[in-house]
Asks: 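The structure that follows is given in the form of structure tokens.
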Amino acid sequence: RHAAAWDADRQNSGWNDKVWHDLFIDSLTTGARVLDLGCGSGRPVAQHMAQRGLRVTGVDSSRAMISLCRSRLPDHEWIVADMRELSLDRRFGGILAWDSFFHLGYDDQRRMFAVFADHASAGALLMFNAGPQHGEAIGSYRGDPLYHASLAPSEYKALINRFGFEVVEHVSNDARAGGRTAWLCRSRQDA
């Protein structure tokens, strides 16, 4: 319902989390395939990844958002789907769940680590953001409630390890990224 407004707001708000996306991209090889979960309208993140030579497969549950992606980046793959039920039967060099993962409830976030692992090649990067501590919050967007949740950092670390990843970098309330709490992980080579 708010796809066009969200897209416009994202373009006008400034890209204050680019530092993390550049770190993610710089850690991948040119031509790597990236799974962008909750890709939104594809701008600025997917567009930036494509411009830097990555192959993007974007997933979003919003048909309107995916339509924007397809019109902007027609040479990449765009899928209307719920990330929680994703099973593409292929693996990616990078998995991104940025500004999307934290809209899932606690149990759905826990289950997402199996989805991440199922789509990660050996040595793949996983990047997501969440809150700095365990808790839920209900914000609002254009008058509608907007749910946010986060597990405790210790639980994220346990899930990361359990599903074959290791933490490369983690910053809580990163001032360089608008206060986001970011996780950059790598799939272990034997995973």
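Every heavy atom of this structure was used, including side-chain atoms; hydrogens, water molecules and symmetry mates were not. Here the structure is a predicted model, which means the values were calculated and not measured. We number each residue from 1, following the sequence as shown.
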Asks: Minimum heavy-atom separation for Ser121 and Gly93, please, with both atom names.
Replies: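 Scanning both residues, the minimum pair turns out to be OG-CA, 3.7 Å.
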Asks: Show the nearest heavy-atom pair for residues Met49 and Phe24, with the distance to one decimal.
Replies: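 Looks like SD-CE2, 3.9 Å.
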Asks: Can you measure from CG (Leu35) to CZ (Phe116) and round to the nearest 0.5 angstrom?
Replies: 9.0 Å
Asks: Let me confirm one number: the CZ-CG distance from Arg111 to Leu104, rounded to the nearest 0.5 Å.
Replies: 9.5 Å
Asks: Of Phe165, Trp20, Phe102, Phe113, which is the lone residue that meets ring-ring contact (aromatic ring centres under 6.0 Å, His included) with Phe128?
Replies: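 The single option meeting the ring-ring contact (aromatic ring centres under 6.0 Å, His included) with Phe128 is Phe113.
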Asks: How many angstroms lie between CG in Asp107 and CZ in Arg84, if you round to the nearest 0.5 Å?
Replies: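 Output value for this atom pair is 11.5 Å.
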Asks: Kindly give the heavy-atom pair with the smallest separation between Leu88 and His119, and that separation in Å.
Replies: N-NE2, 3.0 Å
Asks: What is the distance from atom CG of Asn161 to atom CD of Glu166, rounded to the nearest 0.5 Å?
Replies: 9.0 Å
Asks: Check Thr181, Asp174, Asp99 against Asn129 for a side-chain hydrogen bond (donor to acceptor under 3.5 Å, both in side chains) and give me the one that passes.
Replies: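 Exactly one pass, corresponding to Asp99.
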Asks: Donor-acceptor pair, distance only, cut-off 3.5 Å: does the side chain of Tyr156 make one with the backbone of Leu151?
Replies: yes
Asks: Can you confirm whether more than 12 heavy atoms, excluding those of Arg162, are under 6.0 Å from its CZ atom?
Replies: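 Atom CZ in Arg162 is not crowded, with 12 or fewer foreign heavy atoms closer than 6.0 Å.
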Asks: Provide the closest heavy-atom pair for Ala50 versus Leu73 in the form atom of the first, atom of the second, distance.
Replies: CB-CD2, 4.1 Å
Asks: Tell me every residue that passes salt bridge (charged side-chain N to carboxylate O under 4.0 Å, His left out) with Glu77, counting only those two or more places apart in sequence or in another chain.
Replies: Arg90
Asks: How far apart are the closest heavy atoms of Trp183 and Ile160, and which atoms are they?
Replies: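 What the structure gives for the nearest pair is CE3-CD1, 3.6 Å.
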Asks: Quick one: are Cys39 and Cys69 in side-chain contact, heavy atoms under 4.5 Å?
Replies: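 Contact flag for Cys39/Cys69 side chains = yes.
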Asks: Between CE of Met83 and CE of Met112, what distance do you get to the nearest 0.5 Å?
Replies: 5.5 Å
Asks: Within the 4.5 Å heavy-atom criterion, are Asp22 and Arg52 side-chain neighbours or not?
Replies: yes
Asks: Grab the two heavy atoms, one from Ser150 and one from Ala130, that are nearest each other, plus how far apart they are.
Replies: OG-CB, 3.8 Å
Asks: Under the ring-ring contact (aromatic ring centres under 6.0 Å, His included) rule, collect the residues that match up with Phe92, sequence neighbours excluded.
Replies: none
Asks: With sequence neighbours excluded, what pairs up with His76 under the ring-ring contact (aromatic ring centres under 6.0 Å, His included) test?
Replies: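 Scan of His76 (ring-ring contact (aromatic ring centres under 6.0 Å, His included), adjacent residues dropped) gives none.
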